[in-house]
Enquirer: 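Before anything else, here's the structure in question.
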Amino acid sequence: MPVLFRTIAIAALAAAVLMPEGAAFAGLGQPTPWQIGLQESGSPVMDDVIWLHTFVLWIVTGVTAFVLALLVIVMVRFNAKAHPTPSRTTHNTLVEVLWTVLPVVVLVIIALPSFRILFFQLNTPPADLTIKATGVTWNWKYDYPDNGDFEFDSLMLPEKDLKAGQPRLLTVDNEMVVPVNKVVRVQVTGFDVIHSFTVPSFGIKVDAIPGRLNETWFKATKEGWYYGQCSELCGKDHAFMPIAVRVVSEAEFATWVEAAKKKFAASGTPTKVATANFRLSR
């Protein structure tokens with residue numbers, strides 16, 4: 001037993017030493033250095049995802065503690081020194097029923113809220129705005145069919161062009177802009193290979209498949225910047241395919257739409273393909 005307690009003490013000490021001093025909870029809209037947990041929620045869907053994550057974490061913690069307690073009891077009470085004559089019991093009906101029924105009950109407890117959240121996530125409510133996101137090797141193209149039917153490409157800015165406060169590998173030249181507290185339906189497809197449109201703080205992740213139109217939605221509840229990335233391995237520049245969403249007030253959105261119509265509607269240029277290799281310092 002002293003060996004067991006020494007092992008536990010060493011493991012606890014190692015965890016405390018290895019835990020970085022700057023460990024913190026994740027922020028809103030983008031990753032935080034040494035973050036712990038999911039990104040802060042910016043939509044009703046992500047509120048539910050975080051609730052389910054915390055709920056299941058408590059269940060997992062309880063199950064882990066229970067199994068650990070059983071292991072400690074077995075090691076203390078039934079080691080060769082404390083229990084030199086082992087029991088020859090091979091069956092126990094009550095124990096066998098419990099270890100069959102209890103895991104089923106736990107899974108049902110987890111499944112019921114997860115089904116509700118999954119339905120909420122996949123059932124798109126009436127949309128205030130529709131945006132089509134097309135994954136291209138290796139950037140995103142956005143279409144606004146409800147606001148003048150203009151479109152534009154969104155490419156990652158190389159590090160040399162970043163301004164103060166702009167996150168590396170996530171900042172783009174033309175971001176998606178949406179109004180706050182409005183239901184945004186996002187239709188997602190791929191131009192060439194399979195991509196994945198993912199924005200963690202909105203709780204959305206959907207594959208962009210050539211020849212197929214998938215759909216997701218979000219309702220941003222806070223103004224600000226939200227970042228994501230392609231989450232499907234799609235080629236050599238997969239890591240340089242960020243998603244940037246700027247959430248603004250309804251009045252600011254209307255102003256941006258008028259400016260965007262003039263900037264993008266008359267361009268008529270084919271989709272740009274991001275083939276440049278960015279040199280990124282570490």
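For the numbers below, each heavy atom of this structure counts, side chains included, while hydrogens, waters and symmetry mates do not.
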Enquirer: Who passes side chain to side chain donor-acceptor pair (under 3.5 Å) against Glu215, sequence neighbours left out?
Expert: Thr124

Enquirer: Sorted by first residue and then second, give each ring-ring contact (aromatic ring centres under 6.0 Å, His included) pair with at least one member in residues 112-134; sequence neighbours left out.
Expert: Phe120-Trp217

Enquirer: Using side chain to side chain donor-acceptor pair (under 3.5 Å) as the criterion, list what pairs up with Arg116, not counting sequence neighbours.
Expert: none

Enquirer: Please identify each residue that fulfils side chain to side chain donor-acceptor pair (under 3.5 Å) with Asp146, with sequence neighbours left out.
Expert: Thr130

Enquirer: Taking side-chain contact (heavy atoms from CB on, under 4.5 Å) as the test, write out the residues that go with Ser196, two or more places apart.
Expert: Thr198, Lys205, Asp207, Ser231, Glu232

Enquirer: Going by the rule side chain to side chain donor-acceptor pair (under 3.5 Å), which residues pair with Ser87 if we only count those two or more places apart in sequence or in a different chain?
Expert: Thr89

Enquirer: Which pairs with one or both residues in residues 51-76 pass side-chain hydrogen bond (donor to acceptor under 3.5 Å, both in side chains), sequence neighbours excluded?
Expert: none

Enquirer: Which residue pairs pass the ring-ring contact (aromatic ring centres under 6.0 Å, His included) test with at least one member in residues 72-97, sequence neighbours excluded?
Expert: Phe78-His83

Enquirer: Show every side-chain hydrogen bond (donor to acceptor under 3.5 Å, both in side chains) that has at least one partner inside residues 238-251, sequence neighbours left out.
Expert: Glu175-Arg246, Ser249-Glu252

Enquirer: Linking Ile, Leu, Val, Met, Phe, Trp and Tyr by side-chain heavy atoms under 4.5 Å, what else ends up with Ile194?
Expert: Ile209

Enquirer: Indicate every side-chain donor-acceptor pair of residues 41-48 with a distance under 3.5 Å to a residue at least two apart or in another chain.
Expert:
{"unit_1": "Ser41", "atom_1": "OG", "unit_2": "Ser43", "atom_2": "N", "d": "3.4"}
{"unit_1": "Ser41", "atom_1": "OG", "unit_2": "Ser43", "atom_2": "O", "d": "2.9"}
{"unit_1": "Ser41", "atom_1": "OG", "unit_2": "Asp47", "atom_2": "N", "d": "3.2"}
{"unit_1": "Ser41", "atom_1": "OG", "unit_2": "Asp47", "atom_2": "OD1", "d": "2.5"}
{"unit_1": "Ser43", "atom_1": "OG", "unit_2": "Met46", "atom_2": "N", "d": "3.3"}
{"unit_1": "Ser43", "atom_1": "OG", "unit_2": "Phe202", "atom_2": "O", "d": "2.9"}

Enquirer: Apart from Leu118 itself, what residues make up its hydrophobic cluster, given side-chain heavy atom links below 4.5 Å?
Expert: Leu122

